[in-house]
Novice: 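Sharing a structure below in C-alpha cells format, with a few things to ask.
On a predicted model such as this, the values are computed, not experimentally measured, just so you know.
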Amino acid sequence: FVRLGLRASGTLIPLAVLIFCVPPWLAALLAAPYLWLLYGHFGGPVMLMMHALFHHKTFVGPGLWLDRYLRHGLPMLYGLQPFAYFPHHLLMHHTENNGRDDLSCTATYRRDDWRDFLRYWWRFMLGDNLRLARYLRLRGRKRALRRYVGGSLAWLLLVAGLLWVAPLATLIVFVLPYILTRFFMMAGNWAQHAFIDPEAKDAGLGNAIVLVNARQNRRCFNDGYHALHHRSAGLHWAEMSARFQSDWRYYAEHRVLVFDRIADTQVIWWRLMRRDYAYLAEN
C-alpha cells in the first residue's frame, strides 16, 4: 500500500498540478494520458486499496496521517469527496446486503438491460447523495452524517472555486473523474450483485459472486472474492483465496456463482449489457 500510494501520488499529483498550470490547449492534450494513467494504470489498485483500508485498519499511531491520506486524500483525484465512501459502503451497503434499503440495490432493475443500468448510475451519481444523508439520519449515525455532509460541502466548494478560476483543468481533474468513477463503481457493483437467488439461505451470499483465476484478484487485492467479503467483511484481502479453497463447500451449499478466468467484474457487466450468456456460462 505504501509503495502503491507513493507511485500513484508521485505520478498523478504532479500531472494534475501541471494541467492547472499550462494553457488550456495543452491541458486538453494532456487530458487523455492523464485519464489513462488515472484509470487504466492506477484506477483499480488505488480504489481497492482504499476499500481494503476502510475494512481493515492498517496504519495507526505515527502512521495515522498516511491512513487518512490514502482513504480520503488521494481518492479526491477520483472524484470522491472525503468521508463519503465509508458511510455508503460500510454503514449502508454491507448492513443492507443488496436488500431493499440498500441504496445500491440491484434487485429492482433488469440486470441485462443497459437502459436500466443508466437509470441506476444516474440515480447514484445525483440523488443518492441526499438519500445517503437521509439514511444516516434515520439510522442515528450522527457522527458519520456530520462528516459526510461536511466533506461533501467542502469538496463542492473547492470544485466550484476551481471551476471559476480554471474551468477546463477542473473539468479534467475533478468533474470527469466524479462521473467516470461512479460509472465504474456502479458497473462493478452491478456485476457483483447481478445474479440474485431468490431462494438463497443467506441473501448476502445469494446476491454475490466469486471470481477465481482473475486478473482483478492479482491487481486489486482479491476483489473478486465478493461473496466472501460479504460473509466476512473484516477478512484480510491476503487471506481470501486460501479461505475460499478451504470453505468452498459452504459456498456451494449456498449456491454462490463462481466464475473462472473472467478478467474482472467490468467484463461481466459488459457481457450482461450484450446479453451474452453463452460466454458467462462457459466460464
Novice: Scan Leu80, Leu38, Leu77, Leu176 and name whichever one has a side chain to side chain contact (heavy atoms under 4.5 Å, CB included) with Thr181.
Specialist: Leu80
Novice: I want to check something: taking the side chain as every heavy atom from C-beta on, are Leu280 and Ile262 in contact at a cut-off of under 4.5 Å?
Specialist: yes
Novice: How are the rings of His229 and His89 set to each other: parallel, tilted or perpendicular (split at 30° and 60°)?
Specialist: parallel
Novice: Do the non-hydrogen side-chain atoms of Asp276 and Trp270 ever get within less than 4.5 Å of each other?
Specialist: no
Novice: Of the non-hydrogen atoms in Gln266 and Gly188, which two are nearest, and what is the gap between them?
Specialist: NE2-N, 3.8 Å
Novice: Tell me whether Phe86 shares a hydrophobic cluster with Leu64, the cluster being built from Ile, Leu, Val, Met, Phe, Trp, Tyr side chains joined at under 4.5 Å.
Specialist: no
Novice: For the OG atom of Ser104 and the CE atom of Met185, what is their distance to the nearest 0.5 Å?
Specialist: 9.0 Å
Novice: Shortest non-hydrogen contact from Cys220 to Pro45?
Specialist: SG-N, 3.8 Å
Novice: Checking side-chain polar atoms at under 3.5 Å, does Asn213 have a donor or acceptor matched by the opposite partner on Asp260?
Specialist: yes
Novice: For Arg255, is there any backbone N or O sitting under 3.5 Å from a side-chain donor or acceptor partner on Asp197?
Specialist: no
Novice: Indicate yes or no: at least one non-hydrogen side-chain atom of Phe244 is less than 4.5 angstrom from one of Val258.
Specialist: yes
Novice: Tell me the closest heavy-atom pair linking Ala208 and Ala227, and the distance in Å.
Specialist: CB-CA, 3.8 Å
Novice: Could you tell me which non-hydrogen atom of Ile172 sits nearest to which non-hydrogen atom of Ala31, and how far apart they are?
Specialist: CD1-CB, 3.7 Å
Novice: Any side-chain heavy atom of Asp67 within less than 4.5 Å of one from Thr58?
Specialist: no
Novice: Tell me if the aromatic rings of His236 and His55 count as close, with their centers under 6.0 Å from one another.
Specialist: no
Novice: Rounded to the nearest 0.5 Å, what's the gap from CG on Leu257 to CD1 on Ile196? Could you check?
Specialist: 11.5 Å
Novice: Is the Tyr225-Tyr251 ring centre distance short of 6.0 angstrom?
Specialist: no
Novice: How far does CH2 of Trp121 sit from CG of Asn189, to the nearest 0.5 angstrom?
Specialist: 15.5 Å
Novice: Only distances under 3.5 Å count here; give the side-chain donor-acceptor pairs of residues 145-163 to other protein atoms, sequence neighbours excluded, each with its distance to 0.1 Å.
Specialist:
from	atom 1	to	atom 2	distance (Å)
Tyr148	OH	Asn129	O	2.9
Tyr148	OH	Asn129	OD1	3.4
Ser152	OG	Gln81	NE2	3.3
Ser152	OG	Tyr148	O	2.8

Novice: As an exercise, state the distance from CG of Leu48 to CD of Gln216, rounded to the nearest 0.5 Å.
Specialist: 6.5 Å
Novice: Sub-3.5 Å donor-acceptor pair from the side chain of Asp113 to the main-chain atoms of Met273, do we have one?
Specialist: no
Novice: Please find the pair of heavy atoms, one from Ala84 and one from Leu132, that lie closest to each other, and give the distance.
Specialist: O-CD2, 4.2 Å
Novice: State which residue, out of Arg231, Met240, Gln192, fulfils the side chain to side chain contact (heavy atoms under 4.5 Å, CB included) condition with His226.
Specialist: Gln192
Novice: Any donor-acceptor pair under 3.5 Å linking the side-chain atoms of Asn207 with those of His193?
Specialist: no
Novice: How about Phe83 and Arg143: do any of their side-chain heavy atoms sit closer than 4.5 Å?
Specialist: no
Novice: Between Met76 and Val173, is there shared hydrophobic-cluster membership here, with clusters defined by ILVMFWY side-chain heavy atoms closer than 4.5 Å?
Specialist: yes
Novice: Salt bridge check: are Asp264 and Arg215 linked by an N-O gap of less than 4.0 Å?
Specialist: yes
Novice: Please test Leu74 against Phe42 for side-chain contact (heavy atoms from CB on, under 4.5 Å), starting from the C-alpha separation and ending with a verdict.
Specialist: CA-CA 11 Å; Leu74 185 58; Phe42 289 113; over 6 Å; no
Novice: Verify whether the ring centers belonging to Phe184 and Tyr39 lie closer than 6.0 Å.
Specialist: yes
Novice: Take atom CZ of Arg261 as the centre, draw a 6.0 Å sphere, and report whether it contains more than 12 heavy atoms from other residues, nucleotides or ligands.
Specialist: no
Novice: State the CH2-CG distance between Trp25 and Leu30, to the nearest 0.5 angstrom.
Specialist: 9.0 Å
Novice: When you look at CZ of Arg141, are more than 12 heavy atoms from neighbouring residues, nucleotides or ligands closer to it than 6.0 Å?
Specialist: no
Novice: Does Leu70 form a side-chain contact (heavy atoms from CB on, under 4.5 Å) with Met50? I'd like the steps, not just the answer.
Specialist: CA-CA 6 Å; Leu70 293 177; Met50 176 193 69; over 6 Å; no
Novice: Checking Asp112 against Tyr277: is there a side-chain donor and acceptor pair closer than 3.5 Å?
Specialist: yes
Novice: Is there a path of hydrophobic side-chain contacts, each under 4.5 Å between heavy atoms of I, L, V, M, F, W or Y residues, that connects Leu235 with Val212?
Specialist: yes
Novice: Could you tell me which non-hydrogen atom of Gly63 sits nearest to which non-hydrogen atom of Phe59, and how far apart they are?
Specialist: O-CB, 3.2 Å
Novice: Tell me, do Ile268 and Ile209 make a side-chain contact under 4.5 Å, heavy atoms counted?
Specialist: yes
Novice: Apply side-chain contact (heavy atoms from CB on, under 4.5 Å) to the pair Leu66 and Val2, showing each step before the final yes or no.
Specialist: CA-CA 8 Å; Leu66 185 58; Val2 173; 3.8 Å; yes
Novice: Compute the ring centroids of His72 and Phe54, then answer whether they are less than 6.0 Å apart.
Specialist: yes
Novice: Does Arg182 count as lying over the ring of Tyr78, i.e. NZ or CZ under 6.0 Å from the six-ring centre, within 45 degrees of the axis?
Specialist: no
Novice: With distance as the sole test, does Glu96 use its side chain to make a donor-acceptor pair with the main-chain N or O of Leu103 at under 3.5 Å?
Specialist: no
Novice: Just checking Phe124 against His88, ring centres under 6.0 Å apart?
Specialist: yes
Novice: Would you say the side chains of Asp223 and His51 form a donor-acceptor pair under 3.5 Å?
Specialist: no
Novice: Is the distance between the ring centroids of Phe117 and Trp269 under 6.0 Å?
Specialist: yes
Novice: Is it the case that the side chain of Asn283 and the backbone of Tyr279 share a donor-acceptor pair, with hydrogens and angles ignored and the cut-off at 3.5 Å?
Specialist: yes
Novice: When you compare the side chain of Thr106 with that of Tyr120, does any pair of heavy atoms fall below 4.5 Å?
Specialist: yes
Novice: Sequence neighbours left out, cut at 3.5 Å: what donor-acceptor pairs do the side chains of residues 4-11 make with other protein atoms?
Specialist:
from	atom 1	to	atom 2	distance (Å)
Ser9	OG	Gly5	O	2.7
Ser9	OG	Tyr69	OH	2.5
Thr11	OG1	Arg7	O	2.8

Novice: Please round to the nearest 0.5 Å and tell me the distance separating atom CG of Leu168 and atom OG1 of Thr170.
Specialist: 8.5 Å
Novice: Report yes if the side chains of Leu91 and Arg139 come closer than 4.5 Å at any heavy-atom pair, otherwise no.
Specialist: no
Novice: Hydrophobic clustering (ILVMFWY, side-chain heavy atoms < 4.5 Å, transitive) - are Tyr250 and Leu211 grouped together?
Specialist: no
Novice: In sequence, state the C-alpha distance, the side-chain angles, and the governing distance for Met186 and Met125, and then conclude on side-chain contact (heavy atoms from CB on, under 4.5 Å).
Specialist: CA-CA 9 Å; Met186 297 320 283; Met125 197 172 70; over 6 Å; no
Novice: When you group the ILVMFWY residues by side-chain heavy-atom contacts below 4.5 Å and let the links chain together, are Phe221 and Met47 in the same group?
Specialist: yes
Novice: Is the backbone N or O of His41 less than 3.5 Å from a side-chain atom of Trp36, with the two atoms forming a donor-acceptor pair by type?
Specialist: no
